[in-house]
K.L.:
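Structure provided below as structure tokens; questions to follow.
The figures that follow rest on heavy atoms only: side chains count, while hydrogens, waters and symmetry mates do not.
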Amino acid sequence: MSESADDGSVLFTYVAPFLGVLLVAVGIGGAVPGGYAIAQEQIGGCGEPSIAVEGPEETSQRFATSQPQLARFQFAELSPAERAAFREGLADARGEAHVEGSFPNGPAFRNGSLVTYEGERHYVTVVSENPCFQAAPLQFPLGLFAIGLGVVGILTPPLYRKLVALERSVEA
């Protein structure tokens, strides 16, 4: 076998698959977050802040020694989405719920607020903003392209062996 054939053999047997594996790894790193950025709005929860609602006993204990300057709301003053989240938070074991929809009292809730519901005060605050993940617009398609190119690199050794076998059969 000539020296140039050995160089080609090393290139197609070891270097091309190694580069292929690297491209697949980089492609997965780009395609997965890029795809998540595209699909996250359909999955849900993106851009919907979470509120925590404390029960009346916890609220009384929290403010037993001081009367803070917090926004105060009657339950009827809340938007329908805020009311639904409030009720869901009361029913939840951790006292948390997503506000799915209009959140006009969001700035007041971010600083903590007191909501009077059925004659009892409840402390309500935003515990998580749940922002949407941002990715570059071409991140997903470039990631898929890198994965495809990497697969071609990984499959190079068997293709190279078949090409060499075909070449030898033609020479013989």
Side-chain angles (χ1 to χ4, degrees), residues 1-53 71 73 78-113 115 123-170:
M1 197 176 255
S2 71
E3 190 171 310
S4 64
D6 287 341
D7 291 343
S9 176
V10 169
L11 176 70
F12 290 116
T13 305
Y14 299 108
V15 176
F18 177 72
L19 291 176
V21 168
L22 288 178
L23 278 172
V24 168
V26 169
I28 289 171
V32 170
Y36 176 73
I38 293 170
Q40 69 182 340
E41 290 184 22
Q42 285 78 29
I43 294 171
C46 168
E48 298 170 351
S50 296
I51 61 170
V53 180
F73 299 98
L78 303 179
S79 72
E82 292 168 338
R83 281 183 269 179
F86 182 88
R87 284 187 187 125
E88 187 179 333
L90 280 179
D92 185 62
R94 294 182 307 159
E96 295 182 11
H98 292 292
V99 180
E100 300 172 2
S102 175
F103 195 27
N105 297 312
F109 279 22
R110 283 179 184 86
N111 293 327
S113 299
V115 175
Y123 178 68
V124 181
T125 188
V126 173
V127 291
S128 175
E129 290 289 337
N130 300 325
C132 294
F133 176 73
Q134 300 293 322
L138 290 177
Q139 190 170 345
F140 181 66
L142 287 177
L144 290 180
F145 178 75
I147 291 170
L149 192 60
V151 168
V152 170
I154 291 169
L155 295 177
T156 297
L159 296 174
Y160 177 71
R161 282 192 291 268
K162 286 191 183 249
L163 183 65
V164 168
L166 180 66
E167 185 178 295
R168 288 185 182 156
S169 69
V170 170

K.L.:
Hey, what do you get for CD1 (I51) to CZ (R110), rounding to the nearest 0.5 Å?
P.N.:
11.5 Å
K.L.:
Tell me if a side-chain donor or acceptor on E82 pairs with a main-chain N or O of S79 at a distance below 3.5 Å.
P.N.:
yes
K.L.:
Work out which heavy atom in L78 is nearest to a heavy atom in V115; give both atom names and the distance.
P.N.:
CD1-CG1, 4.0 Å
K.L.:
Which heavy atom in H98 sits nearest to a heavy atom in A85, and how many Å separate them?
P.N.:
O-CB, 3.4 Å
K.L.:
Report the relative orientation of the aromatic rings in F12 and Y160; use parallel for angles under 30°, tilted for 30 to 60°, perpendicular for over 60°.
P.N.:
parallel
K.L.:
For E48 and N130, which heavy atoms make the closest approach, and how far apart are they?
P.N.:
O-ND2, 2.7 Å
K.L.:
Output the distance between atom CG (L144) and atom CZ (F140), rounded to the nearest 0.5 Å.
P.N.:
4.0 Å
K.L.:
Quick one: does I154's side chain get under 4.5 Å of V21's, heavy atoms only?
P.N.:
yes
K.L.:
Do F103 and F109 have ring centroids that are under 6.0 Å from one another?
P.N.:
yes
K.L.:
Shortest non-hydrogen contact from Q40 to C132?
P.N.:
NE2-CB, 3.6 Å
K.L.:
Do the side chain of T13 and the main chain of V10 share a donor and acceptor less than 3.5 angstrom apart?
P.N.:
no
K.L.:
Which value, rounded to the nearest 0.5 Å, describes the distance between L19 atom CG and L11 atom CG?
P.N.:
8.5 Å
K.L.:
Who passes side-chain contact (heavy atoms from CB on, under 4.5 Å) against I28, sequence neighbours left out?
P.N.:
V24, V32, I147
K.L.:
How many angstroms lie between atom CD of E100 and atom CD of E88, to the nearest 0.5 angstrom?
P.N.:
6.5 Å
K.L.:
For a quick test of reading the model, state the closest non-hydrogen atom pair linking S102 to A81 and the distance between them.
P.N.:
O-CB, 3.4 Å
K.L.:
Taking side-chain contact (heavy atoms from CB on, under 4.5 Å) as the definition, give me every residue that meets it alongside A71, ordered by chain and number, with sequence neighbours left out.
P.N.:
F73, A108, S113
K.L.:
Where do Q139 and G34 come nearest, in terms of heavy atoms and distance?
P.N.:
NE2-N, 4.1 Å
K.L.:
Might you confirm whether atom CZ of F133 has over 12 heavy atoms from other residues, nucleotides or ligands at distances under 6.0 Å?
P.N.:
yes
K.L.:
Show your working on side-chain contact (heavy atoms from CB on, under 4.5 Å) between L163 and L159 and close with a plain yes or no.
P.N.:
CA-CA 6 Å; L163 183 65; L159 296 174; over 6 Å; no
K.L.:
List the residues meeting side-chain contact (heavy atoms from CB on, under 4.5 Å) with P157, not counting sequence neighbours, and say none if there are none.
P.N.:
P17, R161
